[in-house]
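Because the structure is a prediction, the values reported are computed rather than measured. These values consider heavy atoms only, across backbone and side chains, with no hydrogens, waters or symmetry-generated copies. The chains referred to below are lettered A, B, ... by the order of the sequence lines, with proteins before strands, and numbering in each begins at 1.
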2 protein chains.
Amino acid sequence: MLRITRQADYGIVLLTLFARSNGRVFSARELASASHVPLPMVGKILKLLVQAEILGSHRGMHGGYTLARRPDEITVGHIIEALDGPVAITDCTGHLPSECGIEQTCPVSHAWQRINDAIVGALDRVTLAEMTCPVGDPLTAFTGHRAQVQP
Amino acid sequence: MLRITRQADYGIVLLTLFARSNGRVFSARELASASHVPLPMVGKILKLLVQAEILGSHRGMHGGYTLARRPDEITVGHIIEALDGPVAITDCTGHLPSECGIEQTCPVSHAWQRINDAIVGALDRVTLAEMTCPVGDPLTAFTGHRAQVQP
DNA sequence: CAGAATAGGACCAACTTGGTCCGATATTGA
DNA sequence: TCAATATCGGACCAAGTTGGTCCTATTCTG
Ligand code: FES
Ligand code: FES
């Protein structure tokens, strides 16, 4: 396994919609129909992204959500942390107190910490901008998608 | 989240016992009492490790398990894959067919693949030998543990 | 003031995981 | 040969987490 939750997966997809049409305001309804993510789920995700200050929100008629920062200033690691909580590959790599079943007997917690750092590093080194338009891979795969988002 | 299962966590701990007393034969019972991992769980884990050809086994009286390779030839990535299945950070990074909820609309599957590769790389770059004795960290934490394993 | 949108909850169902148990099989030693 | 001891293989259950829904309050526009 070792997979992120579907929430984070969806979250990245939604954010790419923002990143690809920079500065636009999206309503939750728009995002849902554009991304094929169920509407209540979209609301839940956007809520968390606002709390993490990745998105800004504006209520009322013609309200909606908008990116709070530039896409190249938002890292994938930050997004995952906002939606799934802090990345901790084992119980003991999280911030203490360690709740690992075999408390102090464990000889490898230190090594886990290093591996965890490596993964967090890999996640923080990729920005939303890079997710949106990967180098070496043309936009062919996106065309159908774009047509829905930017009418 | 983004954490490995407890099975894999336990698995690493058990394997360090093997690695630290190279070549010894351990019975499941021994490992359980030494590591404080519940016995039935130990059996389940060792079973998987044998199937992955990380451990060898020998039945009958005075039987037990033994390392099938040198500790520096066993990677953490391999262990995790044996116990938790292949590392696939999202549904679509796994070997097709992609079962992601938003099938073809997804513009980021390619980028996920790169992130997934980075994580797999980080996991494969660490060997069991390194987990057993991390550089820069003396064995002080292990003493109590070793006393139980090597009487 | 009425309508439209977010904000913030509680809430439930389905799946995965952690954990247990039992019987079958193989090896050793008396 | 027989009994003891160990792995091997599977089914099995309970608890926790996740994916997903819903309802109400709040805030802004017109
Ligand atoms: S304290 Fe958790 S793996 Fe060790
Ligand atoms: S196909 Fe799964 S994140 Fe896209």
Write down the distance between CZ (B:R3) and P (C:dG18), rounded to a whole number of angstrom.
-> 11 Å
To the nearest 0.5 angstrom, please state how far the CZ atom of A:R24 sits from the CD atom of A:E30.
-> 4.5 Å
Whole-Å distance, A:L49 CG to C:dG8 P, equals 13 Å
Taking the side chain of A:T5 as heavy atoms from C-beta outward, which of D:dG19, C:dT20, C:dT6 is closest to it?
-> D:dG19
Earlier contact from the 5' end, DNA chain C, for A:V50 and B:H62 = A:V50
Distance check: side-chain N/O of B:Y65 vs OP1/OP2 of D:dA6, anything under 4.0 Å?
-> no
State, yes or no, whether a side-chain contact exists between A:L55 and A:F18 at a heavy-atom distance under 4.5 Å.
-> yes
Whichever of A:L39 and A:M61 has the more 5' nearest nucleotide on DNA chain D, that residue is A:L39
Give the nucleotide from the list C:dT28, C:dG9, D:dG9 with an atom nearest to the side chain of A:K47.
-> C:dG9
Taking only the side-chain heavy atoms of B:K44 (C-beta and beyond), determine which of C:dT27, C:dG9, C:dG19 contains the nearest atom.
-> C:dG19
Could you state the CZ-C1' distance from A:R29 to C:dT6, rounded to the nearest angstrom?
-> 11 Å
If you find the nucleotide of DNA chain C closest to A:R59 and the one closest to B:D84, which residue's nucleotide is nearer the 5' end?
-> A:R59
Minimum side-chain heavy-atom gap A:L123-B:L2 below 4.5 Å | yes
If only side-chain N and O atoms of A:Q51 are considered, is one of them under 4.0 Å from the OP1 or OP2 phosphate oxygen of C:dG8?
-> yes
Hey, are the side chains of A:W112 and B:V126 touching, using non-hydrogen atoms and a 4.5 Å cut-off?
-> no
B:Q7 side chain: which of C:dT6, C:dG18, D:dG20 is closest?
-> C:dG18
A:I54 vs A:H78 side-chain heavy atoms within contact, under 4.5 Å = yes
Quickly work out the B:L48 CG to D:dG10 P distance and round it to whole Å.
-> 11 Å
Spacing between B:M41 atom CE and D:dA15 atom C1', to the nearest angstrom = 14 Å
Separation of D:dT18 atom P from A:I4 atom CD1, nearest Å, is 13 Å
Can a side chain N or O of B:Y10 be found less than 4.0 Å away from OP1 or OP2 on C:dG18?
-> no
Taking C:dG8, C:dA7, D:dC8 as options, the one with an atom nearest any side-chain atom of B:S57 is D:dC8
Take the protein atom CD1 of B:I45 and the nucleotide atom P of D:dG9, then report the distance between them rounded to whole Å.
-> 16 Å
Determine the contact category for A:P38: base if any of its heavy atoms lies under 4.0 Å from a base atom, sugar-phosphate if only primed atoms, P, OP1 or OP2 are that close, otherwise nothing.
-> sugar-phosphate
Please report, rounded to the nearest Å, how far the P atom of C:dT20 is from the CZ atom of B:R6.
-> 11 Å
